[in-house]
Amino acid sequence: LRILRAKDGAELFAGKLDYDFEPESLVVVPSLGGYLAIVNKADGKKANLFAQTMAMTSVEVHGRMFGIAADGKTLWQHDAENQTLRLNQPSRLPVVALLQEMYEQINQRAQRRYYELICLDRRNGKELYKKSEPNKSNRHLEYESAPDQHLVKLHTQTGNVEFRFSADEK
């Protein structure tokens, strides 16, 4: 992976991402002074599961996500299947959310619907929260933060999740 500065093409860093599957796509977005890199699997989507992208400002995650420092060092990695990363999430907050609404085709006439929300600590990749709910829709995701209180709240259609962070990322 090489990250180039758009203004002049200068290389900011080059590094290797560790994955053991055939890649389909690569997405890199800013995150806490570094980057999130997503390597999607060529065969990552389940055949009978339709992963609905929530908005045009989202990317699917069906492979491995990496936290990368500004110098190119890989800080963490997280495997995810059939998730969506909204690109309009605040990149300076210490939490990143993966949200997906899924439709599983049971037969020609019936579908099963559920949603899943996964929250990771951007600093170290630790899973902070994971919730799946059947027969519900959840396309709303809103952030609220109070940095002086080390507080981040996520508001969804089905409830709220609150995270308190210390300055120590361990």
* Taking a hydrophobic cluster as the set of Ile, Leu, Val, Met, Phe, Trp and Tyr residues connected by side-chain heavy atoms closer than 4.5 Å, whether directly or through intermediates, do Leu26 and Leu85 fall within one such cluster? -> no
* Within the distance-only criterion (no hydrogens, no angle test), does the side chain of Asn40 pair as donor or acceptor with the backbone N or O of Glu60 below 3.5 angstrom? -> yes
* For His62 and Glu24, run side-chain contact (heavy atoms from CB on, under 4.5 Å): C-alpha distance rounded to whole Å, both residues' side-chain angles, the deciding distance at 0.1 Å, then the answer. => CA-CA 10 Å; His62 51 273; Glu24 175 186 73; 3.0 Å; yes
* From Asp121 CG over to Glu127 CD, what is the distance, rounded to the nearest 0.5 angstrom? -> 12.0 Å
* Asked: Given the rule that I, L, V, M, F, W and Y join up when any side-chain heavy atoms are under 4.5 Å apart, are Ile68 and Val95 in one cluster?
  -> no
* **Cys119 to Ala97 - nearest heavy-atom pair and separation** => SG-CB, 4.3 Å
* **Nearest-0.5 Å distance, CD of residue Gln83 to CG of residue Leu99** => 8.0 Å
* Can you see which heavy atom on Arg86 is nearest to which on Ser58, and at what distance? => CG-OG, 3.5 Å
* Quick one: pull up OG in Ser132 and CD1 in Ile118 and give me the separation to the nearest 0.5 Å. => 7.0 Å
* Asked: Can you tell me how far CG of Leu36 sits from NE2 of His78, rounded to the nearest 0.5 angstrom?
  -> 11.5 Å
* Residue pair Tyr35 / Leu1, side-chain heavy-atom distance below 4.5 Å -> no
* Kindly compute the distance separating CZ (Arg64) from CD1 (Ile38), expressed to the nearest 0.5 Å. => 13.5 Å
Listed pairs under 3.5 Å, donor-acceptor, residues 5-21 side chains, sequence neighbours left out:
from : atom 1 : to    : atom 2 : distance (Å)
Arg5 : NE     : Asp8  : OD1    : 3.0
Arg5 : NE     : Asp8  : OD2    : 3.4
Arg5 : NH2    : Asp8  : OD2    : 3.3
Asp8 : OD1    : Ala10 : N      : 3.0

* Asked: Quick one: are Pro94 and Val152 in side-chain contact, heavy atoms under 4.5 Å?
  -> yes
* Would you kindly confirm whether Leu32 and Ile3 end up in one hydrophobic cluster when ILVMFWY residues are joined by side chain heavy atoms under 4.5 Å apart? => no
* Any chance you could measure Ser145, atom OG, to Leu151, atom CG, to the nearest 0.5 Å? => 8.0 Å
* Results of side-chain hydrogen bond (donor to acceptor under 3.5 Å, both in side chains) for Glu144 - residues two or more places apart only -> His155
* Asked: Is Leu75 reachable from Val28 through a run of hydrophobic residues whose side-chain heavy atoms are each under 4.5 Å from the next?
  -> no
* **Salt bridge flag under 4.0 Å for residues Lys73 and Asp71** => no
* Within-4.5 Å side-chain heavy-atom neighbours: Glu162 and Lys153 -> yes
* Side chains of Val29 and Leu87: closer than 4.5 Å at any heavy-atom pair? -> yes
* Asked: Do Val39 and Val61 share a hydrophobic cluster (ILVMFWY, side-chain heavy atoms under 4.5 Å, transitive)?
  -> no
* To do: Taking the side chain as every heavy atom from C-beta outward, state whether Arg123 and Phe165 have any pair of such atoms under 4.5 Å apart.
  => yes
* Side chain to side chain, Met65 and Leu120, heavy atoms closer than 4.5 Å -> yes
* To do: For Ser31, enumerate each residue passing the side-chain hydrogen bond (donor to acceptor under 3.5 Å, both in side chains) test, keeping only those at least two apart in sequence or located in another chain.
  => Arg122
